[in-house]
Protein chains: 2
Amino acid sequence: MAKPTHNSLLITIFFVITVISISSPFSFASQPFKFSRAPRFPKKFLHQTRPLQQQQQYRYDTRYFSQRLDHFSFADHPSFLQRYLINTEHWVGPNRLGPIFFYCGNEGDIEWFAENTGFVWELAPRFGAMVLFPEHRYYGESVPYGSQEEAYKNATTLSYLTAEQALADFAVLITDLKRNLSAEASPVVLFGGSYGGMLAAWMRLKYPHIAIGALASSAPILQFEDVVPKETFYNIVSNDFKRESTSCFNTIKESWGELISVGLKENGLIELTKTFRLCRDLKKTEDLADWLDSAYSYLAMVDYPYPSAFMMPLPGYPIREVCKKIDSGPESISILERIFQGVSVYYNYTGKVDCFELDDDPHGLDGWNWQACTEMVMPMSSDRDASMFPTYDYNYSSFKEECWRDFQVIPRPRWITTQFGGHDIKSVLKHFGSNIIFSNGLLDPWSGGSVLQNVSETIVALVTEEGAHHIDLRSSTSEDPDWLKEQRATEIKLIEGWLNSYYQEKKATFNM
Amino acid sequence: MAKPTHNSLLITIFFVITVISISSPFSFASQPFKFSRAPRFPKKFLHQTRPLQQQQQYRYDTRYFSQRLDHFSFADHPSFLQRYLINTEHWVGPNRLGPIFFYCGNEGDIEWFAENTGFVWELAPRFGAMVLFPEHRYYGESVPYGSQEEAYKNATTLSYLTAEQALADFAVLITDLKRNLSAEASPVVLFGGSYGGMLAAWMRLKYPHIAIGALASSAPILQFEDVVPKETFYNIVSNDFKRESTSCFNTIKESWGELISVGLKENGLIELTKTFRLCRDLKKTEDLADWLDSAYSYLAMVDYPYPSAFMMPLPGYPIREVCKKIDSGPESISILERIFQGVSVYYNYTGKVDCFELDDDPHGLDGWNWQACTEMVMPMSSDRDASMFPTYDYNYSSFKEECWRDFQVIPRPRWITTQFGGHDIKSVLKHFGSNIIFSNGLLDPWSGGSVLQNVSETIVALVTEEGAHHIDLRSSTSEDPDWLKEQRATEIKLIEGWLNSYYQEKKATFNM
């Protein structure tokens, strides 16, 4: 997921500032600060990565499958082609009931997820498994109506971009593919990270006849309505910084007021443009605040123990490095200069960036923004004390207004819990469902919205203190810490158990 | 469910007859005979029942709830009002976690189902339960687009008449109602018979967070694709007749050829009109065949051990009475006269009918016909030997053509098994799901498509040798046989168990 974009957050700030005139950073920080959108899962910098052809590590064929636009009605819509990546080189085939490892494609180009989900590729030979990476509708190449432009034209064309439709795509694709391969009896194991992890868990729950189990990594299926506290996400981001350095936390907490103060000065926007080495003149302070907020939230998600380039090229434990920069140097260095040095670790770790472009199109017709404005309504607030972000109480009304403004759509904030549950999940699933792993790293701000306790013997939570956003799904590296190796080993053992049970059951029935 | 309507069945017969000239009844019976539609659940004579006001046994309020037309997209459709019946007089309320007994409304006026589901009403006081009977969309008063005419106008307006949408209606209704009553913690138990039983089972599987268990009576959730043999339905109907009398079975089996022969004679249609005391001149022999087929299939469904008036006023074990008529009298009585005497038990038990109207609008824009032509594609054949109906091999192509002709819609014959499963159900649900009772009577032709074996400790099959279509859901009578009393007692015990487990869990969590 990506982090929240909240342009109108600073509109509120400005309003407050105007009314109470210049306020101290601290009192500012206690003013409402608007996080208008749910944070997004980390794919927004996708377009900044190198062309995939050059970095492709895994072999697969690319195929296309014709899907109904609307699985749940018989209205006459055009079908569309869903792209999927397939590798059968290790598959032991239908006669030996070779398993199918199925990654639930999430909000982005499926090739990027395939590249960043090494765990599935590494596991496939061991289990003689086929690997499938189907793309989520409306993302990558899998857009209806012939083009991205047409598909994203308006609320009517976008209206079939929902999780339920995506799950039905998966169900139809698997069923058809298995039938064509005479592999109806091959067990399917689901994988997914982030929103893809939510899809994997929901798929196992809604389509138990299609998949025998799911590894749902960093899947915040409880980040809806009132299931978890609204402050969870930003508190975790903040704690990730605080655990590295209290002064770093405090500097960031103070910086928002400072940012506003400078921005309001005569030539303040020019000063900010210079301080933050922006390529273009800053037009609104909130654009800069968004850019900073993005960095902090993403840093928390990718606070991996080794160098990575999931979002941006970064050192291991990048928050530690950011805080080192923020904390270092003589006291005379200004708060904003410290902040700039800090976020440069995120935005310019390679040191090759001469100036920074702020525009990451927060209000563009991005698929996740649509999803956040329709089903994926994840209420988030920022706590007065525990958060290093400005205080903000979630306001559904203004969220709704923004969604109307952006998409001419009215969100359904209670729909996900109605459709997939969430409240009282332990009681509900204790005697219902099986074979789901919810894996989470507690550094990941999305972990607060996931399942962190075992639900039953077969719906289990794997929690690592030091893990970040679906680190377990990444390919193994020589730098993997022991806890990560152990986590993956447990996952493998559980998946092996699902498969063995399935094979035993089949043997008992058919005497294979 | 109702029985199959298969007008074009006789078109095929006529073709065959024309080609091979007059054939003997026996060789005729081996010719293809077209059952073009899935049998329907028994509600087609609804319009012949007395006005509900006069026969209402149970007290309830009638309310209306605004529903989205399409739960699974954000397209801008008009909402519609779903009718539901509610009774709270025995409900012990939210503080005592009073349960909610929820009947999954099926394809007809909900008042009729409420009247014919006495079991739920009788159970409610015992458990301090609220009773809810929500109506299925597109039936009764719960039609979108303002009127039945508009809703049934064409494939576009009908396109949201699907089981998934109906289940989502139920989910949204329950969730909203519970919230308004501050009864979020009140457990919901689902009930349903026939298609309503399918909905109850699917609802428990798809929405385990909304209902703690389901009694799915006579729910043929396996009557799809190739999950059960296509001959099952008609074989059971036929066996119901055969078990009463082999000669009855044989007479019916022979009668189809006789019917055709007479119909082809000069003035043959007039002869048939007279023999069967029809009010209007018979235009096509197939209309009469349909009428007879209806009677046999419905008789099998309602072959109850005591007099009833579910479809028509009938004696106990009505097939026995029908066969007595068919078998009785001197040998000189013609086959068709015997048949007439037999079906008169069904169509004219009260003896008050002077002449018979055949028209039951088999090709009208009936909701179930739409559902059968879209999702509810239940392939049915008629076996050469075991069936007393003419031999017929299911032909999907011609079924598809008929659906196109009637509704301009293309069926999705694999959708139900993709969406809800069905293949290998025992393996799939053995370690997944809980708290479903599949109750069936083996006289009911729909029982062949239901779950007749225990799946697990908590997904159980209750099978009675002598039961017919969801007899357990009917109100108790002084004539109830012991096996029926025992069946209901087992159901009550199981439901009690679900509720007790739920309450214990809640106590453990909240120390109520």
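Letters go in sequence order (proteins before strands), and every chain restarts at 1.
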Heavy-atom pairs under 4.5 Å with chain A - which of B/Ala75, B/Gly433, B/Ala171 has more of them than the others?
B/Gly433

Among B/Gln408, B/Arg412, B/Arg68, B/Arg204, which residue has the highest count of heavy-atom pairs closer than 4.5 Å to chain A?
B/Arg412

Could you look at B/Asp70 and say if it's the side chain, the backbone, both or neither that has a heavy atom under 4.5 Å from chain A?
both

Are A/Phe74 and B/Tyr160, when compared by the centres of their aromatic rings, separated by less than 6.0 Å?
no

Turns out that what part of B/Thr417 lies under 4.5 Å from chain A's heavy atoms comes down to backbone

Which residue out of B/Gly421, B/Ser73, B/Ser501 racks up the most heavy-atom pairs below 4.5 Å with chain A?
B/Ser73

A/Phe72 versus B/Gln165, closest heavy-atom pair with distance
O-NE2, 3.1 Å

Measure distances from B/Gln419 to the heavy atoms of chain A and classify the residue's part below 4.5 Å as side chain, backbone, both or neither.
both

To the nearest 0.5 Å, tell me how far A/His209 NE2 sits from B/Asp424 CG.
12.0 Å

What part of B/Tyr502 gets closer than 4.5 Å to chain A, counting heavy atoms only: side chain, backbone, both or neither?
neither

Kindly determine whether A/Lys430 and B/Glu505 satisfy side chain to side chain contact (heavy atoms under 4.5 Å, CB included), including the steps that lead there.
CA-CA 10 Å; A/Lys430 191 174 175 184; B/Glu505 190 107 9; 3.0 Å; yes

Verify the neighbour count for atom CG of A/Asp76: are there more than 12 heavy atoms of other residues, nucleotides or ligands below 6.0 Å?
no

Given heavy-atom pairs under 4.5 angstrom as the criterion, report whether the side chain, backbone, both or neither of B/Thr374 touches chain A.
both

Under 4.5 Å heavy-atom distance to chain B, tell me which part of A/Val409 shows up: side chain, backbone, both or neither.
side chain

Between B/Ile174 and A/Thr418, does a side chain to side chain contact (heavy atoms under 4.5 Å, CB included) hold up when you go through it step by step?
CA-CA 9 Å; B/Ile174 300 177; A/Thr418 302; over 6 Å; no

On a heavy-atom basis, which atom in B/His431 and which in A/Ser434 lie closest, and how many Å separate them?
O-OG, 2.6 Å

Counting only heavy atoms closer than 4.5 Å, note whether B/Leu205 contacts chain A via side chain, backbone, both or neither.
both

Crowding at NZ, A/Lys400 (>12 non-hydrogen neighbours, <6.0 Å):
no

Is the ring pair A/His71/B/Trp415 parallel, tilted or perpendicular, if the boundaries are 30 and 60 degrees?
parallel

When the 4.5 angstrom heavy-atom criterion is applied to B/Arg179 and chain A, the contacting part is side chain

Of the backbone (N, CA, C, O) and the side chain (C-beta and beyond), which part of B/Glu184 lies under 4.5 Å from a heavy atom of chain A, both, or neither?
neither

A/Phe420 and B/Lys206: side chain to side chain contact (heavy atoms under 4.5 Å, CB included), yes or no, with the steps?
CA-CA 8 Å; A/Phe420 297 111; B/Lys206 293 286 192 187; over 6 Å; no

Side chain from CB out, backbone as N, CA, C, O: work out which of these in A/Ile212 comes under 4.5 Å of a heavy atom of chain B, or both, or neither.
neither

Looking at A/Pro208, A/Ser159, A/Ala185, which makes the most heavy-atom pairs under 4.5 Å with chain B?
A/Ser159

